[in-house]
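Worksheet: the structure to be examined is printed underneath.
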2 protein chains.
Amino acid sequence: MGNSRVTVREIARLAGVSVATVSRVSNGTGQVSEEMRRRVLDAIEKYGYRPDHLGRALAARRHGALGLVFPGLSGPYFTELIQGFESEAVPARASVHILCTHLREDSDDQVLEMARRVDGVAVVGGTISDPALLRLAEMVPVVVLAGRGPETVPSVSVDNAPAMARLTRHLLVDHGLRDLAFVGNPDGSPDVSERWAGFRDAYRELDLDPPAEPVRVAMQQPDGVLAAERLLTGGAAPQAVVCANDEIALGVLVGALGRGLRVPEDLVITGFDDAPMAALVAPPLTTVRQPIRDLAAEAARSILTAVDAPGAAAPDSIVLPTEFVVRRSCGCPAESPTGGTGK
Amino acid sequence: MGNSRVTVREIARLAGVSVATVSRVSNGTGQVSEEMRRRVLDAIEKYGYRPDHLGRALAARRHGALGLVFPGLSGPYFTELIQGFESEAVPARASVHILCTHLREDSDDQVLEMARRVDGVAVVGGTISDPALLRLAEMVPVVVLAGRGPETVPSVSVDNAPAMARLTRHLLVDHGLRDLAFVGNPDGSPDVSERWAGFRDAYRELDLDPPAEPVRVAMQQPDGVLAAERLLTGGAAPQAVVCANDEIALGVLVGALGRGLRVPEDLVITGFDDAPMAALVAPPLTTVRQPIRDLAAEAARSILTAVDAPGAAAPDSIVLPTEFVVRRSCGCPAESPTGGTGK
DNA sequence: CGGTTAACAGAAACCGGTTTCAGGCACGAT
DNA sequence: ATCGTGCCTGAAACCGGTTTCTGTTAACCG
């Protein structure tokens, strides 16, 4: 009936057995006779005993919790991230602590504080400083999610640079465009930094001079609108806008359409992520699909194994493949002529 | 130097004092002579002692953590929610556990499981069953966030129905429209349910017959695109689409624009939330601003006080006001003629 | 029938803190 | 000199579990 305030010792007393036996029954460990097991189970059932999480955690020296640290940005990307992470954590009976560091200057400390409450942490790339990451790593298993940390900290990420180079090459070669603008802040996240690098690589492979500067904005739709404002107002609008993610691209698209431009005739726009909306807008976005869910799931898995095997060496960093998705916003006709897998 | 594996008893031994004194110093409780305090602080500093969270939590019978349960939907709404919640939790030194129940059928159990690891829980309305909510409430302080639960469970929400009635009245009376479609699934969340009710109320106040059925879709941009497809394909397109939130509205807008419709000339569209994008699209969205951050912060505050005062009666439910925001998607000219505060 | 072994139960130690409680000491008042 | 009276301090109990380790009992074996 009642439920919470009942302890092992009470159950032991009520069932006329020792606490050790109660513990054994409730965990299914060790050997217990049928008779004892019955008595204990009856008492547990009758008084609604549930072992206290803290007591158990203290004894096991394990919190049964994983931490996820991210900047706190909105959008489908982070939703997928969280869900992918949970999809691994929940079956492992680990709860998920989150920390949005967004706009807080003391985030390094807060992450360290979090580390004392969880068994392992996944940190989204670019969220905290490298020194903090290292300190964190000597407290609990850590993995950098979408990005890279110091050499010794494992990470899971995607092949951003090659993928973005592939996309950019498509615009430069297949569509013969030359004047491309890159929208996104390379200093803001490792992902964007790598994409910006890939973007410039594509130019250099063709012996062309890449743009010197990106249009530095954050990663959400409103930032795309802002970027469109900057790019499309005044004289020199580019032929194409290569965006660091789909959300920015959607924002740019809205901004362009709102100015009466036709896409892709007057302006080519591309994204990155293949968010759900990418296929639904008019025109549908040419973009790069990345396995966000898998990424986060992989991170959680990696942490969980590191937690279970405290001795083992840090797991390797892994890089997941992406897929180039050609749709119409780049100027290709409805069915993709050059579509296929990236890299 | 080193950091984690050092305990009170070690510090006590090293400093030549008792564990009680170490505990007193490290917590600043009780009376300790200057001499002792020095010795202990030196040892703490030297060996990098940080009290273990589990030990402390067990002794205090308090987890120092709050739970936040939501369906796992994407979008600016939930981001604001999380950040508002954290803005109260973090200063109170409580970490935040999250649980996305999205698409999982065993969510009731998982919520109950979470309750054993936190001091209190905020549940987004419509996420778990009422019986589960009641069971939850007898374990820890609970508040329903954006919605209502059973009578005995406090909630924080906004004045959805009056706000939506106000907006609908604007379309019916000020713009003389009659054929409105409501997009959103009233069964999916209490918020939508109340908005749908407010929508119909506006009709009835004017002795008009409201639409019998809403267009039932989920709450994200792609769902809005889907709704646009259903509404605008075939003969009978409505004069206006009243959306349960801004994201749906944005989706509908994209769908409408993609079909060559002019907004608001050919089709009026309204939203709810006043998300950042609402003001940035062309045309800007007429919508209802709700204080999402405050809502979540209020929920966290309410739980924290309930945790601190275990005896006290459950706090009252509170309803925060919204604000009607008139922009151009309803057909109003650039400057709002009837703007102002709602209700 | 004696001896070995396996199965099982419980007392006690342990995880790492906090808190109660009793005692020692110095001081001032009587 | 005696008695309070505060101020500090530390031993021990406690929070609620798990686990080791010892001991008993019964079964099995030669």
Side-chain angles (χ1 to χ4, degrees), chain A residues 2-41 43-44 47-65 93 113 115-119 139 310, chain B residues 2-41 43-44 47-65 93 113 115-119 139 310:
Chain A
N3 54 359
S4 57
R5 210 71 311 165
V6 36
T7 72
V8 238
R9 301 182 214 267
E10 285 190 76
I11 293 295
R13 189 172 50 77
L14 293 164
V17 303
S18 74
V19 293
T21 301
V22 175
S23 177
R24 282 192 271 257
V25 170
S26 111
N27 291 325
T29 61
Q31 309 268 30
V32 181
S33 72
E34 198 44 45
E35 149 78 4
M36 290 282 131
R37 158 168 283 106
R38 264 259 68 74
R39 290 231 299 270
V40 173
L41 286 177
I44 286 181
Y47 298 96
Y49 167 72
R50 311 293 316 166
D52 178 82
H53 182 70
L54 286 174
R56 174 180 289 207
L58 179 59
R61 283 208 235 51
R62 143 120 40 147
H63 295 80
R93 313 193 56 75
E113 169 62 28
R116 311 199 11 259
R117 304 174 173 220
V118 298
D119 300 316
M139 301 175 69
Chain B
N3 55 358
S4 56
R5 208 75 311 164
V6 36
T7 72
V8 238
R9 300 181 215 268
E10 284 190 76
I11 293 295
R13 190 171 52 76
L14 294 164
V17 301
S18 74
V19 293
T21 300
V22 175
S23 177
R24 282 192 270 258
V25 171
S26 112
N27 290 324
T29 60
Q31 311 268 27
V32 181
S33 71
E34 197 45 45
E35 150 78 4
M36 290 282 133
R37 157 167 283 108
R38 264 259 68 74
R39 291 230 300 269
V40 173
L41 286 177
I44 286 180
Y47 299 95
Y49 166 72
R50 311 293 316 167
D52 178 82
H53 183 70
L54 286 174
R56 176 179 287 207
L58 179 58
R61 283 208 235 51
R62 142 126 34 154
H63 296 80
R93 312 191 57 75
E113 169 61 28
R116 309 199 14 256
R117 303 174 173 220
V118 296
D119 300 317
M139 301 175 70

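Just so it is clear: chains get the letters A, B, ... in the order the sequence lines come, proteins before strands, and each one is counted from 1. All values reported here derive from a predicted model rather than from experimental measurement.
- Rounding to the nearest 0.5 angstrom, the gap separating the CZ atom in A/Arg93 from the NE2 atom in A/His53 is 9.5 Å.
- Summary of helix geometry: the two end axes of the helix from C/dC1-D/dG30 to C/dT30-D/dA1, each defined by five base pairs via their C1' atoms, are inclined to each other by 60° (rounded to 10°).
- Between the CZ atom of A/Arg116 and the P atom of C/dC15 there is a distance of 18 Å, rounded to whole Å.
- Atom pair B/Arg62:CZ and C/dT18:P shows a separation of 14 Å (rounding to whole Å applied).
- Taking atom CG of A/Leu54 as the reference point, atom P of D/dG16 lies 10 Å away to the nearest angstrom.
- Rounded to whole Å, atom P of C/dG17 lies 14 Å from atom CZ of A/Arg117.
- Residue B/Arg56 places no side-chain N or O under 4.0 Å from the OP1 or OP2 atom of C/dG16.
- In this structure, B/Glu10 atom CD and C/dG17 atom C1' are separated by 14 Å, rounded to whole Å.
- By the salt bridge (Lys or Arg N to Asp or Glu O under 4.0 Å) test, B/Glu34 is found to be paired with no residue, residues two or more places apart in sequence or in another chain being considered.
- The residue B/Leu58 sits close to a base: some heavy atom pair falls under 4.0 Å.
- Partners of A/Arg39 under the salt bridge (Lys or Arg N to Asp or Glu O under 4.0 Å) rule, at least two apart in sequence or in another chain, are A/Glu35.
- In this structure, the salt bridge (Lys or Arg N to Asp or Glu O under 4.0 Å) partners of A/Arg116, at least two apart in sequence or on a different chain, are A/Glu113.
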### Message
Evaluate A/Asp52 against B/Leu58 for side chain to side chain contact (heavy atoms under 4.5 Å, CB included), listing each step before the verdict.
### Response
CA-CA 9 Å; A/Asp52 178 82; B/Leu58 179 58; 4.3 Å; yes
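- With rounding to the nearest 0.5 angstrom, the CZ atom of A/Arg24 is 9.5 Å from the CD atom of A/Gln31.
- Residue A/Tyr49 places at least one side-chain N or O under 4.0 Å from the OP1 or OP2 atom of D/dG17.
- By the salt bridge (Lys or Arg N to Asp or Glu O under 4.0 Å) test, A/Arg13 pairs with no residue at all, sequence neighbours left out.
- A/Ile11 places its CD1 atom 13 Å from the P atom of D/dT18, with the value rounded to the nearest Å.
- Applying the 4.0 Å criterion to OP1 and OP2 of C/dG16, one finds that B/Thr7 has every side-chain N and O outside that range.
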### Query
How would nucleotides 6-14 of chain C be written as a contact map, 5' to 3', with B for base contact, S for sugar-phosphate-only contact and - for no contact, using protein heavy atoms under 4.0 Å?
--SBBBB--
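- Side chain of B/Arg117 to backbone of A/Gly64: a donor-acceptor contact under 3.5 angstrom is found.
- Across B/Val17, B/Thr21, B/Val22, a single residue satisfies side chain to side chain contact (heavy atoms under 4.5 Å, CB included) together with B/Ile11, and that is B/Val22.
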